[in-house]
Amino acid sequence: MPIHPRESDPAVPDPADPAPEGAVRPPRGDLPRSGRPTGPGPGTDEEPGPDAAGGPAPPEGEHTAELRELEDRWRRALADLDNLRKRHIRELERERTSERSRTAAAFLPVLDNLELALTHAGSDPGAIVEGVRAVRDQGVNVLELLGYPRHAETGVAFDPARHEVVGVVQDPDAPPGTVVDVLRPGYGDGERQLRPAAVTVAKRE
């Protein structure tokens with residue numbers, strides 16, 4: 001049986017033949033095909049380069065310099081804080097010393113008058129009483145100027161913030177719960193109170 005050569009189909013181009021000008025060649029097997037994505041990305045095993053996230057990483061020496069600068073600032077802040085604390089302690093102690101000096105100086109005239117009264121006590125015994133009373137009034141005035149007024153009032157209502165009860169007496173002339181007698185005066189008010197007044201109070205019915 002004679003074998004006839006196979007005639008080529010004119011609709012199927014031969015891959016070996018050059019494509020006519022302007023014709024679109026079919027895809028070749030050596031070109032990338034659609035399917036698995038290429039390049040870096042979530043679907044690939046490749047990691048992005050240093051330029052993909054935001055530029056190259058800064059050198060290690062730059063971080064070291066920044067850390068040294070921050071540490072230097074921190075040490076300076078600690079030193080400034082310690083100097084401020086020491087200066088505050090010195091100023092507070094200076095103010096306390098000055099306040100003690102002013103208070104002591106305010107009582108010097110009181111001591112002077114006491115010495116003067118004792119000097120004249122032999123010549124006129126009756127004058128010593130008036131002299132001591134004047135010195136007492138002067139001392140009370142000094143305390144009042146310092147912010148500690150004297151409290152020795154009778155007939156006022158008992159106040160636990162200003163009075164200390166040392167006795168309860170029966171007095172028909174005094175309203176119940178009022179101060180009958182002051183045994184020891186008090187000085188100051190509220191938070192600036194040196195001591196409360198020691199008093200006796202009329203008994204309540």
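Excluded from the calculations below are hydrogen atoms, water molecules and symmetry mates; all remaining heavy atoms, backbone and side chain alike, are included. For clarity, every value in this text was computed on a predicted model and none was experimentally measured.
- Environment of CZ in R102: crowded, with over 12 heavy atoms of neighbouring residues, nucleotides or ligands closer than 6.0 Å.
- The hydrophobic clustering, which links ILVMFWY residues whose side-chain heavy atoms are closer than 4.5 Å, places V199 and Y148 apart.
- The distance from atom OG1 of T64 to atom CD of E69, rounded to the nearest 0.5 Å, is 13.0 Å.
- To the nearest 0.5 Å, atom CG of residue N113 and atom CD of residue Q138 are 4.5 Å apart.
- Other residues sharing the hydrophobic cluster of L145, ordered by chain and number and joined by side-chain separations under 4.5 Å: none, the residue standing alone.
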Could you walk me through whether N83 and L81 pass the side-chain contact (heavy atoms from CB on, under 4.5 Å) test, one step at a time?
CA-CA 5 Å; N83 293 334; L81 183 61; over 6 Å; no

Can you give me every donor-acceptor pair (side chain of residues 152-167, partner residue at least two apart or in another chain, under 3.5 Å) with its distance?
from: D159; atom 1: OD1; to: A161; atom 2: N; distance (Å): 3.1
from: R162; atom 1: NH2; to: H151; atom 2: ND1; distance (Å): 2.7
from: H163; atom 1: ND1; to: D159; atom 2: N; distance (Å): 3.0
from: E164; atom 1: OE1; to: R184; atom 2: NH2; distance (Å): 3.3

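- In terms of hydrophobic clustering, with Ile, Leu, Val, Met, Phe, Trp and Tyr side chains grouped at heavy-atom distances under 4.5 Å, V132 and V135 are assigned to different clusters.
- A continuous path of hydrophobic side-chain contacts links V140 to F107 [ILVMFWY only; heavy atoms under 4.5 Å].
- The shortest distance between side-chain heavy atoms of V201 and V180 does not fall below 4.5 Å.
- The CG atom of L146 lies 9.0 Å from the CG atom of L194; values are rounded to the nearest 0.5 Å.
- When hydrophobic residues (I, L, V, M, F, W, Y) are linked wherever their side-chain heavy atoms come within less than 4.5 Å, the members clustered with L78 are W74.
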In a table with atom names and distances, give each donor-acceptor pair under 3.5 Å that connects a side chain of residues 88-97 to protein atoms at least two apart or in another chain.
from: T97; atom 1: OG1; to: E93; atom 2: O; distance (Å): 2.9
from: T97; atom 1: OG1; to: R100; atom 2: NH2; distance (Å): 3.4

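- A single hydrophobic cluster is seen to contain both V182 and V168, as judged by linkage of ILVMFWY side chains at heavy-atom distances under 4.5 Å, directly or through other members.
- Residue A202 comes nearest to A174 through the heavy atom pair CB-CB, 4.0 Å, listed as atom of the first residue, atom of the second, then distance.
- For R85, the side chain to side chain donor-acceptor pair (under 3.5 Å) partners are D82, not counting sequence neighbours.
- Contacts classified as salt bridge (Lys or Arg N to Asp or Glu O under 4.0 Å) and involving residues 189-198 (residues at least two apart or in different chains) are not found.
- Note on R76 versus D80: no salt bridge recorded, every NZ/NE/NH1/NH2 to OD/OE distance being 4.0 Å or above.
- Note that CG of L108 and OG1 of T103 are 11.0 Å apart. Values are rounded to the nearest 0.5 Å.
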